[in-house]
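In what follows, chains carry the letters A, B, and so on, assigned in the order in which the sequence lines appear, proteins first and then strands, with residues in each chain numbered from 1.
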Amino acid sequence: MASLQPVRGTHDLLPEENRVQDHIAETARAIGELYGYHRMTTPIFEFTDVFARTLGDTSDVVTKEMYTFEDRGGEKITLRPENTAGIARAYISNGMQQMSPVKVCYYGPMFRYERPQKGRQRQFHQIGVELLGVEQVAGDIEVIAYGAHILKSLGLWDNITLELNTLGDPESRAAYRNVLVDYFKGHFDKLSEDSRNRLDKNPLRILDSKDEGDRELVANAPLFAEYLNEHSQTFFKQLTDGLGDIGINYQLNPRLVRGLDYYCHTCFEFVTSTLGAQGTVMAGGRYDGLVSTMGGPQTAGVGWAAGVERLAMMVGTGPAAVRPVALIPMGDAAESRCRSLAQQLREAGIAVELGYAGNMKKRMKRADKANAKMAVIIGDDELAKGVAMVRDLDAGEQREVAIDSLIGVIGER
RNA sequence: GCGGGUGUAGCUCAGUCGGUUAGAGCGCCAGAUUGUGGCUCUGGAGGUCGUGGGUUCAAUCCCCAUCAUUCGCCCCA
């Protein structure tokens, strides 16, 4: 155990749990088709610059959470901590502005060098969506609707709240940021140590501080709403109206912010109280500045990402595995016959469990353990008559069926 | 990166106020039932008590370190 531990913060996904994650990923993909989003996949590593430049030099993700290494060619490589930068890079690399609007979703592993906790691992999985080239609020509404649809379809909606905020356009945001920094600088001596650091790196974050002293200051801090210009206000109004049109409830949270500079306007999180400290299950917003920051054309963007492990914890168990038919041969001749029969049934789309060895009792036990719905027993007697003994394992009843008509009989159940 | 808890069988956990062969339930294997599963009964396998060091006549138990995990902070999905 000591030496064969997986690397810290990584986990093996055994079949049962893997099935839950597959279910989540497939649900997201299938619902995406209804909205016109198609899955795309970018590499799980990129040149470090792809993340370092776009995520900002001061963000925690860049300063302490990236898995970075030099490859044999001396290139600086980073395992992706998130997928938006990779999609944006691919958008530029492949000249995808010609396909605008680009509507894609993704699923795959992400990597962050963090201290593991429940719902926080060093290798984890995200599903996500990106809509590129749409600056209208209709895009934000569609993307949120898609996310909510997934959560509803997974049966999680009752335990989830949509929190919503606006960061305004760059002009509004810069104006507010200045006012806010001035305000907190005036009370610097009362700020917590964390928040003093945030003053430089990410002053908006102070609004969401858990420190009591900070909260008192925040209560009297200038409000973002007063610094939103007309365009930003209109955009947000249209967003909330649009969500009303499609019947999605939300809760305004003025403290909801994003650290990264390229975010603007819409900012949202789907949160739950059922997962402890890691309550954010799906989060996103608008990032009109991202593609241009990377050197591409000015391109609007909006999207979200969701943690599959966190969703899986809420979903619990996945859909039941397919119940197979157990073929149980007795004797060499039957063994041979069952091999070909198994192949025939499988090619007809029927799941077959064909034991590898053992007497009938052992094989019946295995059939039961595989949750088989029926056992098809073929021995010398049956072979001679061209029949099989078909036993319904739920009812405990059995009858003879001609081998030639097995596919039809099994298909009925 | 910071602070607290935990680490005993595949899993969930007892236990030893420091003292001979460390236990249970579930699971696994076998038998009762040599062509019939689930239920029941009987038996069996499986443990460097996370790892390394220290204290002691003696450590799974006490101390230190380390690794993993967990809760919270930072931050985030």
* Structure fact -> Of A:R120 and A:V308, the one whose nearest nucleotide on RNA chain B sits closer to the 5' end is A:R120

* To do: Can you sort out the partners of A:R80 under salt bridge (Lys or Arg N to Asp or Glu O under 4.0 Å), two or more places apart, ordered by chain and number?
  => none

* Is A:E114 touching bases, backbone alone, or none of the nucleic acid, heavy atoms closer than 4.0 Å? -> base

* Asked: A:G358 near the nucleic acid: base, sugar-phosphate alone, or nothing, with a heavy-atom cut-off under 4.0 Å?
  -> nothing

* Asked: Are A:Q117 and B:U69 close enough that a side-chain N or O sits under 4.0 Å from OP1 or OP2?
  -> no

* Structure fact -> By side-chain contact (heavy atoms from CB on, under 4.5 Å), A:E114 pairs with (sequence neighbours left out) A:E65, A:R112, A:R120

* Structure fact -> Residue set satisfying side chain to side chain donor-acceptor pair (under 3.5 Å) with A:N253, at least two apart, ordered chain then number -> A:E163

* Which part of the nucleic acid, if any, lies within reach of A:A283 when heavy atoms closer than 4.0 Å are counted: base, sugar-phosphate only, or nothing? -> sugar-phosphate

* Considering heavy-atom distances to RNA chain B, does A:V7 or A:R198 have its closest nucleotide positioned more toward the 5' end? -> A:V7

* Return the residues of residues 182-193 of chain A meeting this criterion: a heavy atom under 4.0 Å from some atom of RNA chain B. Order them by number, or give none. => none

* Structure fact -> By salt bridge (Lys or Arg N to Asp or Glu O under 4.0 Å), A:R29 pairs with (sequence neighbours left out) A:E26, A:E33

* To do: Please name the pair of heavy atoms, one in A:L275 and one in A:V281, separated by the smallest distance, quoted to 0.1 Å.
  => CD1-CG2, 4.1 Å

* To do: Report, as a single string ordered 5' to 3', how protein heavy atoms within less than 4.0 Å touch nucleotides 29-40 of chain B: B base, S sugar-phosphate only, - not at all.
  => SS--B-BBBB--

* Structure fact -> Residues passing the side-chain contact (heavy atoms from CB on, under 4.5 Å) test with A:V401, sequence neighbours excluded, are A:V390, A:R399, A:S405, A:L406, A:V409

* Asked: Got a sec, which pairs hit side chain to side chain donor-acceptor pair (under 3.5 Å) with one end in residues 338-361 of chain A, sequence neighbours left out?
  -> A:R337-A:S340, A:Q343-A:E347

* Using side-chain contact (heavy atoms from CB on, under 4.5 Å) as the criterion, list what pairs up with A:S336, not counting sequence neighbours. => none

